[in-house]
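The structure appears below as C-alpha cells.
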Amino acid sequence: MSTRFRISRRDFLKVSSALGGGLALELALPALGAETKGPELTAWIVIRPNDEVLIRVARSEMGQGSSTGLPMLVAEELECDWRKVRIEFVSSAENLRRDRAWGSMATGGSQSIRSSQEYLRRAGATAREMLIAAAAQRWKVSASECDAENSVIMHTPSARKIRFGQVAQAASKLEPPQEVKLKDPKDWNLLGRPAPRLDIRDKVVGKPLFGIDVQLPGMVYAAIAQCPVFRGKLKNVPDERILGLRGLIKVVKLEDAVAVVADNWWRASRMLKLLPIEWDVGANGAATTESIREFVRFGLEDSAIPVARNDGDVEAAFASAAKVVESEYFAPFLNHAPLEPMNCTALVKGDRVEVWAPTQNAEATHAAAAETAGVPLGNVEVHLTYLGGGFGRRGFQDYTRQAVAIAKAVEGRPVKLLWSREEDMQHDYYRPMTLMRFKAALDAAGRLTALRVRDASHSIMAGVRPQEIKDGIDRHALGAIIDSPYSVPNLRIEFAMRNSHVPVGFMRTVFHSQNPFMRECFIDELAAAAGKDPYEFRRPLLTERPRDLGVLDAAARASGWGAPLPAGVHRGIAVQDSHGSYAAAVFEVAVSQSGQIDIRRVVVAVDPGYVVNPDSAEAQVQSCVAFGLTSVLWGEITLKDGRVEQSNFDNYRIMRIAEMPRTVEAVLVPSGGFWGGMGETPLAPLAPALCNAIFAATGKRIRSLPLANQGLRLA
C-alpha cells in the first residue's frame, strides 16, 4: 500500500559540563549530564519525576529530521507519551569515557536511522521492561501481569496504574534484562505515522541553534584566506598595513592560509582584505577546467584500464549484435553550497580544548581538535550544534583544525572562525568530475545482450580510505554501474582513476548523483534504438531485482504512465537504488522552442523498507528535488589559473522557492524486511528522469551537465 503526498534557531546548543569549567552559552540547553535531573535507565534514556522523557541523540541534525526520527525509534518501544519527549545531543567526550556507549556519531550516507534502529529500539524496550519490573516490585505482583502505554504502567488484574516518573528511580537501580522482544511492525503506534518535528518550533522562531550563532564570554573572531590554488602554500604576508588598526588582535599564519583575529568578524574580514598575501601556488597554477577534463578523458583511452567486472563475452556479443549503440557522458565538479558557511568556535586553555561545531561527525571533530592542539583525546570536549546544511561537506575537518590552530595562537580566548561565502565556495571538497563511455549490443528483438562501460573519474576513497582501493579499482566510484540492477548476460565494467589537484569529497548520494544520470539516460537511448517504450524496456531487465521493479512500477502507476498528456507535455522515467533504499522518478515537462523548461510534475516513488516518520520522508523527497534540480540545471564548478571561478550564489545558482516544480509527489511504498535511507535515495533518479523527459519533448539527448550549458533554462 502506498502513501502519497502532494506539495501544493536554538534552545538546544549543547554545552557539556562533563570536563569541568564549561562555558555557559546564551539561549542554550546544556548537553549530556548538565541538566539531567532524573534517573538514567539506559545510556539513551532519562525519565524525570514529571514523566518528561529525555532521549539522547548521537547523530547530527542538518535538516534531515534525524533528531526526531531517532527518538521515535526509542519512544515506540518505550511506550512513552510522545508529547513529553525531549532530546539532547550526546557529548563526544562522554561517549569516549563510556567506551562509545552511544556508538558511532557520524552522520552521512543516510546511515542515521538504518544503522542504529535496532539498538535504539532495544534501548527503548529495555527501559520499558525495567519500568514494568519496578512497578511490579512495588505492587508485589508478577511483571507478566503488567503492561505499559503512554508513560503509564498498568496492572491488568487489579487495574492499578502508575506513572513512569513515579518508578523511574527504582527502575534505574535494576539490572537491565539481557534479552528483550521488539514489537512486530504491525503493532507500531508511533513509527510509520506523521509526527511533528521536535526542532521545528525553535527554528521557526529563530532561536540561536547553529554553529554560526555561538556566543561565548570574551569571544574573538577570525576571518581566513586560504591559498586560492589547491595544494599551494603561504609564501609571505607582510602585516604592516593593518598593525595598529582598531580591533586587531593577531595575524595567524598557517601552512596554506592566513587568519586575522579581531574583536568582531567584520573588522577581521576587512583587515584580511588589506593584507598583500603572497602565495606559492606550485605546479597547479595553470590548471583549467578544460585541462582537467582532458586529463580525465585520457583515462577513457587508456589501453591498460583496470577491469572491475567482466561477465560473459562482450566482444562476441558486439560482433553478433543486430545493433550497437555508443555514447559518452560528462558530469562536472559540484559544490555542496550549504547556506551556513564553514565555521567553528574553539577555546584552547592550557592542555584542554573545547570546540563548538556544526559537524557531521563529532567524534572526528574531537580527534582533529586533539591532534591539532597536541593534547590527549580525554582533554577535548566537542559541543555539537545544529547544521545549516551539510550534504557531506561537514564530515571533513579542515575548518575544525583551522579553528583550533588559531585558538592555540590566542590561548585562553574562545575564537569563532567563520569562512566568508567566497572561501566556502572556493575551498570545498567537490563532487568529482566524471566521464563515462557506454557501448551496448541489442539483438534483433531489441533485447539488451551486452554492455561495456568505461568510467574515468576522480576517486574520493583515494583521499579518505585508500585501503579500500584494490588493483586500481574504486568500487565506490562505480556505484550504480558495477551494481546496476539490470540483468545483462555480457557485462564489462572498466575504471580509470584520474585524480587532479582539485579536492573531492562525499556529496549527497555521492556517485549516485552523476552515475545514474549517465546510465539511465543511456538506457533510454537503448529503448529508443530498440523502438520500445522506456518504461516497458526496463521492466524485463529488472525481473531479478523485484524492489527496483517495484518502485519503477509504483512511479509509473502514480504518474499515469501511458495515459494521454496535454499537448506539448512529455514524460521521462528513471530508476536507481542507493543507500539501502530504492527509488524511481517520473518528470512531466514542456519545453519551448527557445529552450524554456516548464516542469509540470515530479513523481518520486521510494521503498526504504520501513518509514519512521512519513512527514520527514515527504520532506526528504522535496529536499532532494530542490537539491537535484539545482545541480542539473546550473551546477558546475569551473577553474581558471588553478582557481575556482565561482565565488557566491550570483554565479553558483541554487534553486529558489518560486522555481520549484508546481507539483511534487512523494509515493512511499515501504515493503518491509529491511531498513534503508531516505535523505539521499530520492535524489538518484531525478537527473536522468528529467533529461529523458527533455528528450521526449525535444528529441535532444542530454549527455553533459548542467542544462544551462545546453541552451536550456527554467520557464
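We find the CE-CD1 distance between Met497 and Ile305 to be 11.0 Å, quoted to the nearest 0.5 Å. The line from CE of Met518 to CZ of Phe511 is 10.0 Å long, rounded to the nearest 0.5 Å. If you take CD1 on Ile481 and CG on Asp483, they are separated by 8.5 Å, rounding to the nearest 0.5 Å. Here CG of Leu526 is found 5.0 Å from CZ of Phe537. Values are rounded to the nearest 0.5 Å. The CD1 atom of Ile523 sits 6.5 Å away from the CG atom of Leu451 when rounded to the nearest 0.5 Å. Rounding to the nearest 0.5 Å gives a distance of 8.0 Å between CG of Asp455 and CG of Leu300.
Between the side chains of Thr434 and Ser457, at least one donor N or O lies within less than 3.5 Å of an accepting N or O. For the residue pair Asp533 / Trp561, a side-chain donor-acceptor distance below 3.5 Å is found, with atom types taken as modelled. Side-chain contact annotation: His336 with Asp428, donor-acceptor N/O pair under 3.5 Å present. Side-chain contact annotation: Ser115 with Arg59, donor-acceptor N/O pair under 3.5 Å present. Side-chain polar atoms of Asn651 and Glu645 form no donor-acceptor pair below 3.5 angstrom. Defined by atom type and a distance below 3.5 Å, a donor-acceptor pair is missing between the side-chain atoms of Ser66 and Ser112. Using modelled atom types and a 3.5 Å distance limit, the side chains of Gln226 and Asp256 yield no donor-acceptor pair.
Glu328 has a carboxylate O that lies under 4.0 Å from a charged side-chain N of Arg297, or vice versa, which qualifies the two as a salt bridge. Salt bridge status for Glu315 with Arg452: present, with a side-chain N to carboxylate O gap under 4.0 Å. The residues Arg508 and Glu680 are annotated as not salt-bridged, no charged nitrogen and carboxylate oxygen being separated by less than 4.0 angstrom. Between Asp280 and Arg231 there is no salt bridge, since no side-chain nitrogen of the basic residue lies less than 4.0 Å from a carboxylate oxygen of the acidic one. In this structure, Arg498 does not pair ionically with Glu294, as no charged nitrogen and carboxylate oxygen lie closer than 4.0 Å. Residues Asp577 and Arg545 are paired through a salt bridge, judged by an N-O separation under 4.0 Å between the basic side chain and the carboxylate. A salt bridge links Arg454 to Glu494: at least one charged side-chain nitrogen sits closer than 4.0 Å to a carboxylate oxygen. Using a 4.0 Å cut-off between charged side-chain N and carboxylate O, Arg437 and Glu326 make no salt bridge.
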Thr365 and Thr359: side chain to side chain donor-acceptor pair (under 3.5 Å), yes or no, with the steps?
CA-CA 7 Å; Thr365 298; Thr359 173; 2.8 Å; yes

Apply side chain to side chain donor-acceptor pair (under 3.5 Å) to Gln426 and Ser647, showing your working.
CA-CA 6 Å; Gln426 297 177 336; Ser647 59; 4.8 Å; no

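Heavy atoms only, all atoms of each residue included: Ala558 and Val667 are closest at CB-CG2, 3.7 Å. Here the shortest heavy-atom pairing between Phe318 and Ala440 reads CE2-C, 3.7 Å. Shortest non-hydrogen contact noted between Gln360 and Gly108 is NE2-CA, 4.4 Å.
Figure legend: cation-pi geometry between Lys700 and Phe695 absent, as NZ or CZ is not positioned both under 6.0 Å from the six-membered ring centre and within 45° of its axis. A cation-pi arrangement is found for Arg293 relative to Phe330, the charged atom lying closer than 6.0 Å to the ring centre and inside a 45° cone about the ring normal.
Phe333 pairs with exactly one of Arg431, His458, Gln646 by the side-chain contact (heavy atoms from CB on, under 4.5 Å) rule, that one being His458. Considering His427, Arg394, Glu423 as possible partners of Met342, the one that fulfils the side-chain contact (heavy atoms from CB on, under 4.5 Å) test is Arg394.
Annotation: Arg475, atom CZ; neighbour count of heavy atoms from other residues, nucleotides and ligands within 6.0 Å does not exceed 12. No more than 12 heavy-atom neighbours from other residues, nucleotides or ligands sit within 6.0 angstrom of CG on Asp471. Heavy atoms from other residues, nucleotides or ligands lying under 6.0 Å from NZ of Lys233 number more than 12.
The side chain to side chain donor-acceptor pair (under 3.5 Å) pairs that include a residue from residues 519-530 are Ser327-Glu525, Tyr329-Glu525, Tyr486-Glu520, Arg519-Gln576, Glu520-Arg538, Asp524-Arg538, Asp524-Asn692, Glu525-Arg703, where partners are two or more places apart or lie in different chains.
Under the 4.5 Å side-chain criterion, counting only non-hydrogen atoms from C-beta, Ile460 is in contact with Val464.
When ring centroids are compared, Phe587 and His570 stay outside the 6.0 Å threshold.
Applying the side-chain contact (heavy atoms from CB on, under 4.5 Å) criterion to Pro503, with sequence neighbours excluded, gives Phe230, Tyr429.
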